[in-house]
Amino acid sequence: MAKLIVLLIGISVIFSVIAFKGGNPPVGVLFAVTAAAPVLYLGYHLANRRRAGGVSGQDLRPERHRRRTLFLRATAVVMVAAVGYGAYWVMFEPKASDKALSRVSDFESGCGDGMARKYFPQAAAHTGADPHPIAMFTLSESGSPRLAFPASGTADHWSGIKLDPRRVQLIACLDSPDEGEFLTDCKFTTDTIKLYRGVYDVTVYEARTGKEVGSERLQGTTKPDCPGLVYLKKNTDVLHTEPEFADYQAVLRKYVDN
């Protein structure tokens, strides 16, 4: 039991540091208290023993010994629950980014890429009159976020490379695609891979806070264009078309231009 509690104290300290660095003081305080509670109890227990004349553990009255055992077990249960929440928080809850924003592509960690999403306190607040500048990210076939570049002549607030990243208010993230209609077989040097129309869930987040603003459904193009070169995610043997930029605008205009 003692070894388990020492291990949980160490994990709680680590999670507390991560929480404070991630811009979430309440969670940091929670884990700091979780780590400190057994230590404080041990200090209290030792002080009582000294006041009682150094009575050994074997001389403790059965009732007192039973209460101490129950306390240690309850502490271990609470700490296991707290560490479980900590693991969830570290893996899935959005964290504040301390990265300086120099270009729109810096917002890609706002979509997660297999890790907890980031939010950007230095970004503009989602408020005021339109337009609400947006950074939009699709997924490569390898599973990494990739900036969706606007068509020629599109206003910069639509994820344009000249857009000042400090003006960005929204981030749009495409999830992994579902398979729509079959389009064609793409022939490569050593293999043939089926190409399907991609069907995507797209989620819109506020860049400054990471809060979800809305979600939509977006479909890839029906053009059966095969890539010349592709890197596939492990255990993936199909390709998906991506949306055209006009499709992004049609679905996301209500967030950007309203």
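Keep in mind the model is a prediction, meaning the values are calculated, not measured. In this chain, numbering begins with 1 at the start of the sequence shown.
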Work out which heavy atom in [X] is nearest to a heavy atom in [Y]; give both atom names and the distance.
| X | Y | answer |
| --- | --- | --- |
| Ala172 | Leu252 | CB-CD1, 3.8 Å |
| Leu195 | Cys186 | CB-SG, 3.8 Å |
| Leu163 | Ile134 | CD2-O, 4.2 Å |
| Val104 | Pro165 | N-CB, 4.3 Å |
| Phe182 | Thr184 | CE1-O, 3.2 Å |
| Ser97 | Pro121 | O-CD, 3.7 Å |

Between NZ of Lys95 and CZ of Arg117, what distance do you get to the nearest 0.5 Å?
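These two atoms lie 9.5 Å from each other.
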Rounded to the nearest 0.5 Å, what's the gap from CG on Asp185 to CG on Leu239? Could you check?
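Going from the CG atom of Asp185 to the CG atom of Leu239 covers 10.5 Å.
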Do [X] and [Y] belong together in a cluster built from hydrophobic side chains that touch within less than 4.5 Å?
| X | Y | answer |
| --- | --- | --- |
| Tyr248 | Val204 | yes |
| Leu174 | Val213 | yes |
| Ile171 | Tyr119 | no |
| Phe245 | Val168 | no |
| Ile161 | Leu101 | yes |

Quick check: are there more than 12 heavy atoms from other residues, nucleotides or ligands sitting under 6.0 Å from CZ of Arg253?
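It does: Arg253 CZ has more than 12 such atoms within range.
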Taking the side chain as everything from C-beta on, heavy atoms only, tell me whether [X] gets closer than 4.5 Å to [Y].
| X | Y | answer |
| --- | --- | --- |
| Ser215 | Asp201 | no |
| Ser105 | Phe149 | no |
| Tyr200 | Glu242 | yes |
| Tyr205 | Cys111 | no |

Go through the steps for His126 and Leu170 under the test side-chain contact (heavy atoms from CB on, under 4.5 Å), then give the verdict.
CA-CA 7 Å; His126 181 221; Leu170 300 170; 3.7 Å; yes
How are the rings of Tyr196 and His240 set to each other: parallel, tilted or perpendicular (split at 30° and 60°)?
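Geometry flag for His240 against Tyr196: tilted rings.
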For His157 and Asp257, does a side-chain donor sit closer than 3.5 Å to a side-chain acceptor?
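Looking only at side-chain atoms, Asp257 and His157 do form a donor-acceptor pair, the distance falling under 3.5 Å.
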Hey, does the side chain of Thr221 reach the backbone of Thr241 with a donor-acceptor pair shorter than 3.5 angstrom?
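No; judged by distance alone, with no hydrogens or angles, the pair does not exist.
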Are the side chain of Ser159 and the backbone of Met136 linked by a donor-acceptor contact shorter than 3.5 Å?
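Indeed, once roles are kept as given, a pair shorter than 3.5 Å links the two residues.
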Between Arg217 and Asp178, does at least one N-O distance fall below 4.0 Å, as a salt bridge requires?
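Result for this pair is yes, salt bridge flagged.
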Does the distance from a Lys or Arg side-chain N to an Asp or Glu carboxylate O, for Arg197 and Glu181, drop under 4.0 Å?
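Yes, charged N to carboxylate O under 4.0 Å.
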Can the ring centres of Phe137 and Phe107 be said to be less than 6.0 Å apart?
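They do not qualify: ring centres at least 6.0 Å apart.
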So among Glu216, Gln169, His132, which one has a side chain to side chain donor-acceptor pair (under 3.5 Å) with Tyr255?
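Filter result, single survivor: Glu216.
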Report the C-alpha separation of Lys223 and Glu244 in whole Å, then their side-chain angles, then the decisive distance to 0.1 Å, and conclude whether the salt bridge (charged side-chain N to carboxylate O under 4.0 Å, His left out) test is met.
CA-CA 10 Å; Lys223 296 176 181 178; Glu244 295 186 343; 3.0 Å; yes
